[in-house]
There are 2 protein chains.
Amino acid sequence: MTTRDPQATALARLAALFADETRAACLLALLDGRAWTASELARHAGVAASTLSEHLGRLVAGGLLAEERQGRHRYVRLADTRVAQLVEDLAAQVSPGAAVRPRNLRESSAGSAMARGRTCYDHLAGRLGIAVTDALTARGLLEQETGFALTDAGLAWFASAGIGLERRGRRPLARACLDWTERRPHLAGVAGAALCRHALDTGWCVRIGSERAVKVTAAGERALWDLLGVEAVALR
Amino acid sequence: MTTRDPQATALARLAALFADETRAACLLALLDGRAWTASELARHAGVAASTLSEHLGRLVAGGLLAEERQGRHRYVRLADTRVAQLVEDLAAQVSPGAAVRPRNLRESSAGSAMARGRTCYDHLAGRLGIAVTDALTARGLLEQETGFALTDAGLAWFASAGIGLERRGRRPLARACLDWTERRPHLAGVAGAALCRHALDTGWCVRIGSERAVKVTAAGERALWDLLGVEAVALR
DNA sequence: CGGACACTTCGGCGGTGGCCGAACCGTCCG
DNA sequence: CGGACGGTTCGGCCACCGCCGAAGTGTCCG
């Protein structure tokens with residue numbers, strides 16, 4: 001054993017957690033921001049429960065997942081927003097290669113629902129996320145020319161819409177998350193999370209199926225038009 | 001062979017490229033933005049030339065490295081800014097665990113030089129990068145409260161300092177890069193790269209040693225004070 | 001109390017991949 | 001032209017790791 005760069009060791013160790021298809025499938029599934037049980041993930045990934053148990057052990061030990069035991073269930077979720085961002089970054093990097101034709105109608109319709117609108121950990125993504133981000137930018141509420149930040153008008157808009165923006169810790173108020181279907185940045189960070197939570201709480205969107213896909217309701221279409229000038233056609 | 005999520009497959013395949021200590025050491029070394037020869041990297045990583053040759057083959061095939069053959073040399077560098085950003089993101093994630101005491105004076109002095117100032121692919125990092133970023137923010141040239149973007153005054157400052165900001169492709173003008181020694185964001189993106197190039201071109205900084213570390217010159221201290229009010233003491 | 005269920009541990013199997021040294025191929029240069 | 005040198009290919013070795021099924025532990029519920 002020779003003496004090596006500790007940073008390289010740590011980097012390799014972290015990457016190794018992602019470098020398995022089963023674990024990668026789990027991390028992507030957990031991008032929906034919810035807590036999954038071990039058996040749900042085993043079914044999702046298509047491996048035996050015993051196999052998945054070991055994977056979860058590694059992911060938790062590596063700090064990527066937080067676990068919560070409830071009775072005979074083991075719930076896991078992504079440890080924090082830093083981890084979620086890392087999964088997003090990696091997923092965005094590989095998306096061009098993942099642009100594969102759907103093999104059947106079921107995958108096709110599920111895929112297009114995801115492309116239309118979904119959550120990305122704790123904020124809106126897909127065409128819905130892009131449409132909202134573009135609308136914010138067009139109205140001068142979000143600055144994208146010289147970086148990525150809310151403007152003063154943007155802060156006022158959130159306040160007037162009744163969406164609170166409480167900064168917790170060091171998490172940035174606004175940050176760009178690269179969408180892996182649209183290949184364009186959309187709003188993440190505290191503001192993205194608050195907007196998504198508000199959209200789900202007030203019924204602008206509802207989750208469909210058990211995955212991350214969301215659907216804009218009639219009330220949501222009206223609200224997005226009134227508040228941001230988003231045309232319903234942009235969401236389809 | 002069961003049918004699996006193609007995105008998970010792609011993600012695992014990408015992560016596998018990082019999931020080896022030798023390859024990780026190469027990628028971190030290449031964060032200096034320069035092109036290295038295969039034998040330089042072999043020496044750096046402490047493995048046989050034959051071993052490293054295979055690693056380079058994988059990294060190039062995976063799209064992480066670009067290669068250029070010149071005579072009997074094989075030069076490699078990070079493929080593009082997207083890859084560099086990914087390496088940075090991963091490195092930043094592991095830095096807390098990598099905070100290991102240096103084992104001897106040589107490592108210690110090299111480490112503190114790196115902590116004082118270095119390049120991070122194509123922009124300034126370390127205390128130097130933080131000091132510049134903080135100064136830009138304090139003077140209202142960079143907005144960090146509501147995101148991360150240059151202000152109008154910031155654009156004017158770059159113009160008046162004679163630092164051109166040409167947008168190429170989709171690369172953002174300003175973006176935050178998390179520093180792995182300081183644990184704080186510093187200026188990256190087009191503006192960060194332009195500033196770094198200008199600093200090296202005009203002699204504000206010079207590279208020291210063969211690594212990424214840079215040192216602020218007397219002229220640089222004066223310029224940073226005059227243009228941004230950075231106190232020399234903040235750079236030590 | 002007993003059976004169903006969620007999860008874990010263990011042993012064993014097979015594939016992958018990192019490593020080296022030896023041999024080989026080009027290029028460079030005296 | 002010949003030796004030095006950078007890089008590559010190949011064969012063989014070994015460690016690691018993902019997988020499963022079987023057996024075991026703890027929880028829930030009728």
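When reading the values below, keep in mind they use all heavy atoms of this one structure, side chains included, and skip hydrogens, waters and symmetry mates. Below, chains carry the letters A, B, ... as their sequence lines are ordered, and counting in each starts from 1.
- Rounded to a whole Å, the CZ atom of Arg58(B) is 20 Å from the P atom of dG7(D).
- Note: CG (Leu52(B)) to C1' (dG6(D)) measures 12 Å, nearest angstrom.
- Taking every heavy atom of both residues into account, Val76(B) and Leu30(B) meet most closely at O-CD2, 3.5 Å.
- In this structure, Thr51(B) reaches the bases: a heavy-atom distance under 4.0 Å links it to at least one base atom across the strands shown.
- No more than 12 heavy atoms of other residues, nucleotides or ligands shown are found within 6.0 angstrom of CZ on Arg13(A).
- Whole-Å rounding puts the Trp36(B) CH2 to dG6(D) P distance at 16 Å.
- Toward the 5′ end of DNA chain D lies the nearest nucleotide of Ser39(B), the other residue of the pair Asp20(A) and Ser39(B) mapping further downstream.
- Put simply, CG on Leu41(B) is 16 Å from C1' on dT8(D), counting in whole angstrom units.
- Side chain of Thr37(B), nearest nucleotide from dT9(C), dG18(D), dG7(D): dG7(D).
- Taking the six-membered ring where tryptophan is involved, the planes of His186(A) and His123(A) are tilted, since the angle between them lies from 30° to 60°.
- Between Leu56(B) atom CG and dT9(D) atom C1' the separation is 15 Å, expressed in whole Å.
- Counting any heavy atom pair closer than 4.0 Å across all strands shown, Arg43(B) reaches no nucleic acid atom.
- Checking Arg207(B), Arg34(B), Arg212(B) one by one against Thr119(B), the side chain to side chain donor-acceptor pair (under 3.5 Å) holds for a single residue, Arg207(B).
- Listed candidates were dC19(C), dC20(D), dT8(C). Nearest to the side chain of Arg74(A) is dT8(C).
- Taking atom CZ on Arg69(A) and atom P on dG26(D), their separation rounds to 12 Å, with Å as the unit.
- If you check every strand for non-hydrogen atoms under 4.0 Å, Ala38(A) touches sugar and phosphate atoms only.
- Side-chain atoms of Ser50(B) come within donor-acceptor range of the base of dG21(C), with a qualifying N/O pair under 3.5 Å.
- Under 3.5 Å, the side chain of Arg72(A) and the base of dC7(C) form no donor-acceptor pair of N or O atoms.
- Dashed line: the shortest gap from a side-chain N or O of His73(B) to OP1 or OP2 of dC5(D) is not under 4.0 Å.
- Looking at Arg171(A) and Asp122(A), a side-chain N of the basic residue comes within less than 4.0 Å of a carboxylate O on the acidic one, giving a salt bridge.
- The separation between Glu67(B) atom CD and dT8(D) atom C1' is 12 Å, rounded to whole Å.
- When each of Ala16(A) and Gly71(A) is assigned the nucleotide of DNA chain D with its nearest heavy atom, Ala16(A) is the one assigned upstream, toward the 5' end.
- Atom-to-atom, CD of Glu54(A) to P of dT8(C) comes out at 10 Å; the value is rounded to the nearest Å.
- In this structure, of dT8(D), dC20(C), dC19(C), it is dC20(C) that holds the atom nearest to the side chain of Ala48(B).
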